[in-house]
Amino acid sequence: MSVDTTQAPTTHKALLEWVSEVAALTEPDSIYWCDGSQEEYDRLGAELVAAGTAIRLNEDKKKNSYYFASDPDDVARVEDRTFICSQNEADAGPTNNWRDPAEMKATLTELYRGCMHGRTMYVIPFCMGPIDAEDPTFGVEISDSAYVAMSMRIMTRMGKAPLEAMTKGGDRAFVPCLHSVGYPLEPGQADVAWPCNTEKYIVHFPEDRAIWSYGSGYGGNALLGKKCYSLRIASVMARDEGWLAEHMLILKLTSPAGKVYHIAGAFPSACGKTNLAMIEPTLPGWKAETLGDDIAWMRFDEEGYLRAVNPENGFFGVAPGTGESSNPNAMKTINIGNSIFTNVARTLDGDVWWEGMTDEKPAELIDWKGNPWTPASGTKAAHPNSRFTTPMEQAPTLGAEWNDGKGVRIDAILFGGRRATTVPLVTETSDWAHGVFMGATCSSETTAAATGAVGVVRRDPMAMLPFIGYNAGDYIQHWLDMPSLHENAHMPKVFYVNWFRKSADGKFLWPGFGDNSRVLAWIVGRLEGTADAARTPIGYVPTLDAIDRTGIEDEVDDATMAEVLKVDTEEWQRELPLIKEWFTKLGERLPQQLWSDLDQLKAALEA
Ligand SMILES: Nc1nc2c(ncn2[C@@H]2O[C@H](COP(=O)(O)OP(=O)(O)O)[C@@H](O)[C@H]2O)c(=O)[nH]1
Ligand SMILES: C=C(OP(=O)(O)O)C(=O)O
Ligand SMILES: [Mn+2]
């Protein structure tokens, strides 16, 4: 298969060469350049329905929407198959899997050889962030999955517009993202509903700024603009260029007095970013608007304030737990339609359902594996990492600045995780360096967003453990260095939150979701110097009545509030050896300052 460059919709030389090279290696039946149009999306959807891969949902329930069920072994990110192939192993660091880049390229080249037999090769041009930004950030994904092409149209600015922008004023740089499901079809061979390969590789070449993915069709493994580009590769760009590429939501908050604040929050996968980004405040007078739910690129503006841009165009949200009571704005967004649902359950009338969508379970469903299901089945109808993919523009809470390439000034950064014990609802750190220490030692219970055990506490620095594209010690150093990268840096205040603390009988102590607005109000109060806090060994924690509980006094009585805010010295002392073990693992590139911060914490806990 050779590329007819006279027929290709671009003159971009490097792109044409790369497309030709990949086609020669992977030998697809045909090459298709995505234009990102509605007509194209509808056509791909119809083709997938005809092939038995997708199911079109009932138009009256979810307009223009599709259901997909993945292979049961291809349901989440595969961290153990994710590689950072820097020239030197030390530059990948102790938290990443590393392979020699030349060896990895040789291995993958053999896997890619002929891997698109019987398939269409989709060329998917995209832009991360607004196309009219001063310096737009391009990528091109080559994929043999139409599901990927459709999803990329929702998740990124995709198609003709970015392709044209890529040659404005000369050929622009782009990140090449090569993806194959690794399931070639030889003549006469029938396809399966969800092609993938048991051998999976999610590979990053940070020096080349390139991504090679093989064997998985799912989410973060396959939609390469997301975690692979916007976090792993972009974090390397950010280190080199003096900015931050982070796993953060971006929220615009307006106080009852009409003051606007922007908050960025980093929580590990499936720990509440999308929900906080779409929060419906239960505190009267507060308004929240969504600017981003997963990724923030933050650069200094001329005056030295950090401004955040969300490079994405859609939400790839965790379905279970999303319902009218927990996240009504997500429900409104997906109910408009134009969405893709993966590994959720289906109702008999052609709609979707998942655990937590409604209080009452439907009497009958088809579960994510395609089997009949009833509440008596005793299994989960939807996979715990089942997802909705939906356009940002449909969010009723969308903030006007979402499409502004200049981004918004960040007033506060939240780090958080999922901890049943130890970590209080909210803690204010004393300054940037202390914030970096708290972020770097942040811990969370693992979730179904990645394969492997769920519920295991691990350190997850800045919620970036699986996404730092280089040495984690260098990454923490980069965070520490940030204030010195602008002559007049005004750093945001850093807070540490935990919505997930549980009582001894295993119930969440804090109602969470919309009631997290009460915590946001306290944070704003701290920014304005009006909210009360008590100094503890780990930072400033709200006094018992500092968080407004009007309307939830019964649910969160004084005793519960005290429990949710408690800084238990013994529990924290049990963290110390874990932090020490973590720092030891990070090794010599961990900034020395972090060790002295740990000594200080130890001393404060002993005092
Ligand atoms: N208990 C509790 N659960 C939450 C809260 N926020 C989110 N969740 C649940 O955590 C899961 C992941 O949430 P999501 O916002 O999609 O996380 P993300 O992957 O970080 O974007 C979902 O099941 C949510 O219902 C909260 O404040 N309290
Ligand atoms: C896409 C993901 O996102 P989230 O952080 O929303 O779970 C993921 O974990 O692969
Ligand atoms: Mn999310």
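Computed from heavy atoms alone, side chains included, the values below leave out hydrogens, waters and symmetry copies. Both ligands and their constituent atoms are indexed starting at 1 by order of listing. For the single chain, residues carry numbers from 1 onward in sequence order. The model shown is predicted, which means the values in this text are computed figures rather than measured ones.
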Any heavy atom of P268 sitting closer than 4.0 Å to ligand 1?
-> yes
Atoms named by residue and atom, protein N, O or S, within reach of the Mn ion (ligand 3) (under 2.8 Å) =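 Near the Mn ion (ligand 3), the protein supplies T274 OG1.
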With heavy atoms only and a cut-off of under 4.0 Å, state how S326 meets ligand 1: side chain, backbone, both or neither.
-> neither
Side chain, backbone, both or neither: the part of W510 lying under 4.0 Å from ligand 1 by heavy atom =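 W510 to ligand 1: no contact under 4.0 Å from either part.
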Would you say ligand 1 has an N or O under 3.5 Å from any N or O of [X]?
{"X": "A270", "answer": "yes"}
{"X": "N516", "answer": "yes"}
{"X": "C271", "answer": "yes"}
{"X": "T274", "answer": "yes"}

Using only heavy-atom distances, determine whether the side chains of S444 and D460 contain a donor-acceptor pair under 3.5 Å.
-> no
Are the aromatic rings of [X] and [Y] close, with centres under 6.0 Å apart?
{"X": "F205", "Y": "W212", "answer": "yes"}
{"X": "F68", "Y": "Y147", "answer": "yes"}
{"X": "W479", "Y": "F415", "answer": "yes"}

Atoms in ligand 1 flagged as close to W499, the criterion being non-hydrogen separation under 4.0 Å | 26 (C), 27 (O)
Counting from 1, what ligand 1 atoms have a heavy atom of G321 closer than 4.0 Å?
-> 23 (O), 25 (O)
Looking only at heavy atoms, is any part of D294 under 4.0 Å from ligand 2, and if so is it the side chain, the backbone, or both, or is it neither?
->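 For D294, the contact with ligand 2 is made by the side chain alone.
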Heavy atom of the protein closest to [atom] (residue, atom name, distance):
{"atom": "atom 10 (O) of ligand 1", "result": "R418 NH2, 3.2 Å"}
{"atom": "atom 4 (C) of ligand 1", "result": "F513 CZ, 3.2 Å"}
{"atom": "atom 17 (O) of ligand 1", "result": "G272 N, 2.8 Å"}
{"atom": "atom 20 (O) of ligand 1", "result": "K273 NZ, 2.7 Å"}
{"atom": "atom 2 (C) of ligand 2", "result": "K227 CE, 3.1 Å"}
{"atom": "atom 22 (C) of ligand 1", "result": "P320 O, 3.5 Å"}

Heavy atoms only: which of D294, L509, V318, V497 is nearest to atom 16 (O) of ligand 1?
->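 Selected option, by shortest heavy-atom distance: V318.
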Among N275, V519, L249, which residue places a heavy atom closest to atom 14 (P) of ligand 1?
-> N275
Any A270 heavy atom less than 4.0 Å to ligand 2 = yes
Cation over ring, R239 on Y470, under 6.0 Å and within 45°?
->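 Yes; both conditions hold, so R239 lies above the ring face of Y470.
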Hey, what's the ring geometry for W194 with Y218, parallel, tilted or perpendicular (30° and 60° as the breaks)?
-> tilted
